[in-house]
Amino acid sequence: MARRSVPILKQLLSKSSASDSPALLFSCFKSPIDAHNRSVTYMPRPGDGAPRTVTLIPGDGIGPLVTGAVEQVMDAMHAPLYFEKFEVHGDMKKVPQEAIDSIKKNKVCLKGGLVTPVGGGVSSLNVQLRKELDLYASLVNCFNLPGLPTRHENVDIVVIRENTEGEYAGLEHEVVPGVVESLKVITKFCSERIAKYAFEYAYLNNRKKVTAVHKANIMKLADGLFLESCREVARKYPGIKYNEVIVDNCCMQLVSKPEQFDVMVTPNLYGNLVANTAAGIAGGTGVMPGGNVGADHAVFEQGASAGNVGNERLVEQKKANPVALLLSSAMMLRHLQFPSFADRLETAVKKVISEGKYRTKDLGGQSTTQEVVDAVIAALD
């Protein structure tokens with residue numbers, strides 16, 4: 001028996017040391033629900049336990065409130081992190097170079113929301129960051145939190161969105177006065193890359209199904225290429241069920257029977273819509289963690305659209321919900337090879353939500369950001 005165990009152990013060790021795959025960056029999120037049903041929830045990577053420096057961008061509106069909440073909790077946990085803070089705001093023409101250099105050096109960033117002006121020719125700094133750092137995969141985990149009532153139960157959806165092309169390529173111009181042309185760019189390289197990431201994530205996290213979201217019935221070349229790439233990758237993962245759904249039908253299915261979905265892989269624009277819909281179904285954008293990953297860098301932030309970033313009333317009343325960014329920070333801790341700290345943080349957040357005494361207005365309570373933070377700190381084991 002002992003002799004037969006040696007090659008098996010060597011095989012497991014060789015697999016666990018393959019930490020260069022970008023899929024490992026986000027295979028490290030441990031779903032807060034049904035954890036006992038999943039034999040593999042994340043793949044911890046060996047590390048030396050040395051303290052790490054993380055770039056911190058508080059952002060706009062409620063950003064400083066919720067990033068400040070994370071800083072307080074990290075201090076209370078004595079997490080081995082040091083934050084390198086930079087002021088970046090959505091009305092800037094571009095992300096300051098010193099902030100970009102810091103992320104490239106530290107490899108990891110925690111970011112509050114950045115307000116993107118509507119119209120006016122000002123480009124989104126969020127999109128700039130993704131392109132500059134080649135953060136090609138966006139991941140949002142939408143799930144039911146214990147004790148938080150929602151319309152649907154057993155929701156545990158991971159939306160993986162291509163992050164660098166599609167309608168977000170920013171290629172648009174005025175052909176003649178009154179006529180604007182906007183280009184949607186889909187490439188085989190990026191489509192295969194995001195499909196492989198989705199299947200690797202599903203494989204490493206013991207997920208059973210990957211659904212490709214598309215509109216190939218209308219955009220036969222662009223979305224057709226995306227689907228073709230997904231199908232090619234799916235053939236290499238026979239143990240994972242693969243299916244496809246048209247984006248409009250997908251939205252209808254999400255609001256009627258969301259529990260049918262597991263991992264969803266989408267082009268850029270569809271992913272934004274699908275992730276926000278799934279987040280609303282599972283409890284709201286204020287509790288959904290997520291982030292953006294590339295081959296070398298990762299930026300963690302609120303998972304679904306931070307539509308409340310510029311809510312001045314929340315800022316004045318100091319009642320922004322910090323849960324989403326706290327859970328995103330747990331993802332970051334696992335990525336940095338500190339899974340025990342991530343477990344402590346997730347357990348404390350779930351306990352506070354489950355007890356129901358301290359909740360912000362979007363979750364049916366009247367607590368301030370600081371009251372929620374204090375409750376999380378008190379709940380830390």
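Note that the coordinates shown come from a computational prediction; the quantities given were computed from them, not determined experimentally. Heads up: numbering here begins at 1 and tracks the sequence.
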**Request:** Could you walk me through whether Asn144 and Thr150 pass side chain to side chain donor-acceptor pair (under 3.5 Å), step by step?
**Result:** CA-CA 8 Å; Asn144 293 124; Thr150 58; 3.0 Å; yes
**Request:** Test Leu225 against Leu221 for side chain to side chain contact (heavy atoms under 4.5 Å, CB included), laying out the working first.
**Result:** CA-CA 6 Å; Leu225 178 59; Leu221 291 179; over 6 Å; no
**Asked** Is there a side chain to side chain contact (heavy atoms under 4.5 Å, CB included) between Lys215 and Asn217 once you walk through the steps?
**Response** CA-CA 5 Å; Lys215 191 64 177 173; Asn217 58 324; 3.4 Å; yes
**Worked check of side chain to side chain contact (heavy atoms under 4.5 Å, CB included) between Ile281 and Cys142** = CA-CA 8 Å; Ile281 290 165; Cys142 303; over 6 Å; no
**Asked** Given the rule in the side chain to side chain contact (heavy atoms under 4.5 Å, CB included) test, do Val159 and Leu139 qualify, once you have shown the distances and angles that lead to the verdict?
**Response** CA-CA 6 Å; Val159 181; Leu139 183 146; over 6 Å; no
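Using a 4.5 Å cut-off between side-chain heavy atoms of Ile, Leu, Val, Met, Phe, Trp and Tyr, with links allowed through other members, Val185 and Val213 fall into different hydrophobic clusters. Under a hydrophobic-cluster definition in which Ile, Leu, Val, Met, Phe, Trp and Tyr are linked whenever side-chain heavy atoms come within less than 4.5 Å, directly or via other members, Leu327 and Leu148 are assigned to the same cluster. Following chains of ILVMFWY side-chain contacts shorter than 4.5 Å, one can reach Leu129 starting from Met92, so the two form part of one hydrophobic cluster. When the side chains of ILVMFWY residues are joined at heavy-atom separations under 4.5 Å, either directly or via intervening members, Met74 and Leu380 end up in a single hydrophobic cluster. In the hydrophobic clustering of this structure, Leu345 does not group with Leu65; members are Ile, Leu, Val, Met, Phe, Trp, Tyr whose side-chain heavy atoms approach within less than 4.5 Å, directly or through other members.
In terms of modelled atom types and a separation under 3.5 Å, the side chain of Arg359 and the main chain of Ile353 share a donor-acceptor contact. Within the 3.5 Å criterion, the main-chain N or O of Leu135 finds a donor-acceptor partner in the side chain of Asn163. Side chain of His152 to backbone of Val255: a donor-acceptor contact under 3.5 angstrom is found. With hydrogens and angles disregarded, a donor-acceptor distance shorter than 3.5 Å links the side chain of Asn205 to the backbone of Tyr201. At least one donor-acceptor pair under 3.5 Å links the side chain of Asp262 to the backbone N or O of Lys208. Formation of a donor-acceptor pair under 3.5 Å by the Lys209 side chain with backbone atoms of Gln260 is found in this model. Under a 3.5 Å cut-off, the side chain of Lys257 and the backbone N or O of Leu254 do not form any donor-acceptor pair. A side-chain donor-acceptor contact under 3.5 Å links Gln302 to the backbone of Thr285. With hydrogens and angles ignored, the 3.5 Å screen pairs no side-chain donor or acceptor of Gln72 with any backbone N or O of Asp374. In this structure a side-chain-to-backbone donor-acceptor pair under 3.5 Å is present from Thr369 to Lys318.
Under the 3.5 Å distance criterion, with hydrogens and angles disregarded, no donor-acceptor pair is assigned to the side chains of Asn268 and Lys184. For the 3.5 Å distance criterion, the side chains of Thr55 and Asn106 qualify, holding a donor opposite an acceptor.
Pairs of residues two or more places apart, or lying in two chains, never qualify as ring-ring contact (aromatic ring centres under 6.0 Å, His included) while including a residue from residues 88-113.
Going from atom CD1 of Ile246 over to atom CD1 of Ile218 covers 8.0 Å, rounded to the nearest 0.5 Å. Atom NZ in Lys357 sits 9.5 Å away from atom OG in Ser367 (nearest 0.5 Å). Annotation: the span from Tyr270 atom OH to Asp248 atom CG amounts to 9.0 Å, rounded to 0.5 Å. Rounding to the nearest 0.5 Å gives a distance of 15.5 Å between CD of Glu200 and CZ of Arg207. The line from CD1 of Ile194 to CD of Glu162 is 6.0 Å long, rounded to the nearest 0.5 Å. Between the SG atom of Cys230 and the NE2 atom of His214 there is a distance of 9.5 Å, given to the nearest 0.5 Å.
Considering every non-hydrogen atom in both Val373 and Ala69, the closest pair reads CG2-CB, 3.2 Å. Looking at every heavy atom in both residues, Thr164 comes nearest to Arg130 through CG2-O, 4.5 Å. Glu165 approaches Ile186 most closely through the heavy-atom pair OE2-CA, 3.5 Å. Pairing each heavy atom of Ile157 with each of Asn141, the nearest pair is O-ND2, 3.2 Å. The shortest heavy-atom contact between Pro289 and Ser328 is CA-OG, 3.3 Å. Ala202 and Val263 make their closest contact through CB-CG2, 4.2 Å (heavy atoms, listed as atom of the first residue, atom of the second, distance).
For the pair Phe261 and Gln253, the minimum side-chain heavy-atom distance is below 4.5 Å. Taking 4.5 Å as the limit, every side-chain heavy atom of Leu273 sits out of range of all side-chain heavy atoms of Val247. Taking the side chain as every heavy atom from C-beta outward, Phe83 and Thr67 never approach each other to under 4.5 Å. Side-chain contact between Leu325 and Leu110 is present, with heavy atoms from C-beta onward closer than 4.5 Å. Proximity of Phe338 to Pro80: side-chain heavy atoms (C-beta onward) are separated by under 4.5 Å at one or more points. Val175 places a side-chain heavy atom less than 4.5 Å from the side chain of His173. Taking 4.5 Å as the limit, every side-chain heavy atom of Val287 sits out of range of all side-chain heavy atoms of Val349. Contact of the Glu301 side chain with the Asn292 side chain is registered, since non-hydrogen atoms from C-beta on lie closer than 4.5 Å.
We find that Glu192 and Lys188 are joined by a salt bridge, their nearest charged nitrogen and carboxylate oxygen being less than 4.0 Å apart. Under a 4.0 Å N-O distance rule, the pair Lys94/Glu132 does not qualify as a salt bridge.
In Lys107, the NZ atom is crowded: over 12 heavy atoms of neighbouring residues, nucleotides or ligands sit closer than 6.0 Å. Heavy atoms of other residues, nucleotides or ligands lying less than 6.0 angstrom from OH of Tyr358 number 12 at most. For CD of Gln317, the number of neighbouring non-hydrogen atoms (other residues, nucleotides, ligands) closer than 6.0 Å is greater than 12.
Among residues two or more places apart in sequence or in another chain, the side-chain contact (heavy atoms from CB on, under 4.5 Å) test is passed with Gln366 by Lys319, Lys361.
Ring geometry, Tyr242 versus Phe199: the interplanar angle falls from 30° to 60°, so the pair is classed tilted.
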